[in-house]
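Read the structure below first, then the notes.
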Amino acid sequence: MEIKLLIWSILFISKCFADIPNLLIHGPGLHPDKVILPARYFYVELTDIPEETLSIRTLNVSFKGFSTEQRSCHVWHQVLYTNINSVIVRYKLYETCYDFVINVKFNSNHVNGSPFFFKGPILPEDCNCPEKDINQWLVDYGCKGIHKQIVSDLSKFTSVNFENFHEKAVKKFNNSLSSSICHYVIKSNKIYRSCYGQHIGFKVFMDGILLSLTRKVIFPDFEIFTNLGDWPLMQKDSKNNFPMFSWCGSHDTVDIVMPTYDITDSSLENMGRVSLDMLSVQGNIQKKWDEKINMGFWRGRDASLERLKLIEISRKFPDLINASLTNFFFFRDKEHQYGPKVEHVSFFKFFDYKYQLNLDGTVAAYRFPYLLAGDSVVFKQDSKYYEHFYDDLQPWKHYIPVKSNLENLVERLKWALENDGKAKEIAEAGQMYARNNLLPRDIFCYHANLFYEWSKKLESPVTVRNGMEHIPQKSTKGCVCRHSNKDEL
């Protein structure tokens, strides 16, 4: 009798484990005690599971924890199924949590490492609890090191003395009608700002990333001038240049490039006020590769002559390109020729089409990261403009290159039609690059590494100048900082 019970127990246990696939779970959201993001996230790879067996109920994810008042802490989460048999789990904390548990189950059974338990405190994004050791913080966040674009941009400066150019910079931009800048000082991890020029509304994006970073880690004192416009400002051959941080670079300028305000804001507002971000793109694609429409697709405003030319090409090849303008601003007098303008299309619906066209606007098209994150192949126009990550990408590996005047666009689209397998490989390589290098943690890491390395270049004392405005952290209740606990013990 005992032997039979033993045999039945072994068979039962074997059956249970046989139902649990070998799933790979990875991402910064599995380290909520160390990695604080506006929305934490991790991936569950389902590569060993037939697609037809997947449903929203296949994978069950839940979160539990207790607030400082010993009630269940407030956690909002989403499970996003991607097109490549993987699931993105993202979650947002609204208060400090203790005894925090992440449960990941497949068909009601815990999978690799689940449940994940953390004693706490687990902090929400808006707690002002900066870690003291920035080098350890970079390690804890899994930052990959100093990007080669940072090395290239900062190599132009052996040492920097703001006293040598501060007055010149203020004078140049103080009454400018075409360009606007802000001077930021981070002193004792507090943020101070003075802005110059007529249009300074975009300062909110720089405020946002600096406030978020200084809540997480203590930076050495540093100061920067930041460009609030799209166009880089420091011409390569000018003798009157000074260090300028910009969201876009070009081959004609020497600005220090940061991630664009667009991808930075979508990282800060993940599961917040933005609907388009690098995670939502992956989780809202409706059609698989073979179900997509075999056409090039584009929508946008009239921000360059090449975009007008694209409309002309699409009218000559309506079976190959679906392109229309959604707004006329720069060439309003040509609306009768290139219009009528059409309604906006949800960005997620772009990926119903197999070929995505990426054309410059006033500068680089800031939609490029999101196009890469989808599962269509990107046709990228050659350009003198670049974002912080462009130097990583290889034509014909991550995207299909197109001449800046679009003269070979039709030829390249026809190539993709005739080489469907290769086009799909390029689409997948672009998507994997975006997944591994352009997600919110990567954007935080790039900024942190850039500002930290920049601080090492400064030889002049960092001082808060007269008239600078202090940008305070917002007051948040219920935050219990980890290092405070250690100090009290």
Side-chain angles (χ1 to χ4, degrees), residues 36-38 123-134 137-138 141 143 150 154 160 162-163 165-166 169-170 173-174 180-197 199-229 242-247 255-269 272-273 440 443-458 460-477 479 481 483:
I36 302 170
L37 295 170
L123 303 175
E125 156 69 14
D126 55 2
C127 282
N128 185 19
C129 296
E131 298 293 332
K132 297 177 181 178
D133 186 342
I134 189 169
W137 181 88
L138 291 166
Y141 267 61
C143 296
I150 295 176
L154 298 192
V160 179
F162 267 72
E163 299 305 321
F165 58 84
H166 175 267
V170 171
F173 290 99
N174 193 29
S180 299
I181 67 170
C182 284
H183 175 214
Y184 283 91
V185 166
I186 286 71
K187 180 76 173 179
S188 300
N189 224 44
K190 295 181 179 179
I191 303 167
Y192 302 87
R193 180 192 66 201
S194 291
C195 295
Y196 308 96
H199 304 288
I200 60 173
F202 275 32
K203 65 187 178 184
V204 297
F205 298 114
M206 279 307 301
D207 290 357
I209 187 63
L210 290 172
L211 285 167
S212 184
L213 282 172
T214 52
R215 285 196 295 268
K216 296 171 174 58
V217 65
I218 296 176
F219 281 87
D221 293 349
F222 71 92
E223 57 185 317
I224 56 175
F225 277 106
T226 61
N227 172 18
L228 301 182
F242 53 87
M244 178 67 71
F245 286 66
S246 292
W247 290 309
D255 296 48
I256 300 166
V257 180
M258 303 177 290
T260 67
Y261 66 84
D262 189 287
I263 196 170
T264 300
D265 189 50
S266 73
S267 299
L268 289 167
E269 292 296 331
R273 59 177 169 74
I443 301 306
F444 277 92
C445 286
Y446 194 98
H447 280 101
N449 272 315
L450 175 60
F451 297 147
Y452 183 36
E453 293 304 309
W454 173 251
S455 71
K456 300 175 185 178
K457 299 278 185 179
L458 303 183
S460 53
V462 177
T463 58
V464 179
R465 291 172 170 80
N466 290 335
M468 298 196 85
E469 179 184 2
H470 175 224
I471 312 301
Q473 297 284 357
K474 65 180 180 181
S475 177
T476 303
K477 296 181 180 180
C479 292
C481 301
H483 56 263

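For the numbers below, each heavy atom of this structure counts, side chains included, while hydrogens, waters and symmetry mates do not. Note that the numbering runs from 1 along the sequence shown for the chain.
Sulfur-sulfur distance for Cys481 and Cys129: below 2.5 Å, consistent with a disulfide.
The distance from the CD1 atom of Ile36 to the SG atom of Cys127 is 7.5 Å, given to the nearest 0.5 Å. Rounded to the nearest 0.5 Å, atoms CD1 (Ile224) and OG (Ser455) are 11.5 Å apart. Distance CG/Leu268 to CG/Leu37: 10.0 Å, rounded to 0.5 Å. The structure places SG of Cys445 at 6.5 Å from CG of Leu138, a figure rounded to the nearest 0.5 Å. Taking CH2 from Trp454 and CG from Leu450, the interatomic distance works out to 9.0 Å, rounded to the nearest 0.5 Å. The distance from atom CD of Glu453 to atom CD1 of Ile150, rounded to the nearest 0.5 Å, is 7.5 Å.
The pair Glu163-Arg465 meets the salt-bridge criterion, with a side-chain N (NZ, NE, NH1 or NH2) lying under 4.0 Å from an Asp/Glu carboxylate O. In summary, Lys203 and Glu469 do not engage in a salt bridge, as defined by a charged side-chain N under 4.0 Å from a carboxylate O. Classification of Arg215 and Glu125 as a salt-bridged pair holds, one side-chain N sitting under 4.0 Å from a carboxylate O.
Between the side chain of Gln473 and the backbone N or O of Leu211 there is at least one donor-acceptor pair closer than 3.5 Å. Although no hydrogens or angles enter the test, the distance criterion places a donor-acceptor pair under 3.5 Å between the side chain of Thr476 and the main chain of Asp126. A donor-acceptor pair under 3.5 Å links the side-chain atoms of Asn189 to the main chain of Phe219, judged by distance alone. With hydrogens and angles disregarded, no donor-acceptor distance shorter than 3.5 Å links the side chain of Asp255 to the backbone of Val257.
Every residue two or more places apart in sequence or in another chain was checked for a salt bridge (Lys or Arg N to Asp or Glu O under 4.0 Å) with Asp262, and none qualifies. Taking the salt bridge (Lys or Arg N to Asp or Glu O under 4.0 Å) definition, one finds that Lys457 meets it with nothing, sequence neighbours left out.
Between Leu228 and Cys182, the shortest heavy-atom contact is CD1-SG, 3.7 Å. Between Arg273 and Asp265, the closest heavy-atom pair is NH2-OD1, 2.7 Å. Closest non-hydrogen pair, Ile443 versus Ser267, comes out as CG1-OG, 3.6 Å. Of all the heavy atoms in Ile218 and Ile134, the pair that sits closest is O-CB, 4.0 Å. Smallest separation of non-hydrogen atoms from Asn128 and Thr214: OD1-O, 3.9 Å. Of all non-hydrogen atoms in Ser180 and Asn227, the two that sit nearest each other are O-OD1, 3.7 Å.
Each of Tyr192, Phe222, Tyr196, Phe162 was scored for a ring pair (Phe, Tyr, Trp, His ring centres under 6.0 Å) with His183, with one residue passing: Phe162. Test Phe173, Phe245, Phe242, Tyr184 against Phe225 for ring pair (Phe, Tyr, Trp, His ring centres under 6.0 Å) and you get one pass: Phe242.
In this structure the side chain of Pro243 reaches within 4.5 angstrom of the side chain of Phe165, judged on heavy atoms. Side-chain atoms of Ile256 and Leu154, non-hydrogen and from C-beta on, do get closer than 4.5 Å to each other. Here the side chains of Pro38 and Glu269 are not in contact, with every heavy-atom distance at 4.5 Å or above. Between Arg193 and Leu210, the closest side-chain pair of non-hydrogen atoms is not below 4.5 Å. Using a 4.5 Å heavy-atom cutoff, the side chains of Met258 and Ile209 are not in contact.
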Residues Val185, Val462; criterion side chain to side chain contact (heavy atoms under 4.5 Å, CB included); working and verdict = CA-CA 7 Å; Val185 166; Val462 177; 3.7 Å; yes

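Under the 6.0 Å cut-off for aromatic ring centres, Phe444 and Tyr141 do not qualify, their centroids lying 6.0 Å or more apart.
Cation-pi contact between Lys456 and Tyr452: present, with separation from the ring centre below 6.0 Å and deviation from the ring axis of at most 45°.
Phe202 and Phe205 have perpendicular rings, their planes meeting at more than 60° on a 0 to 90° scale where under 30° would count as parallel.
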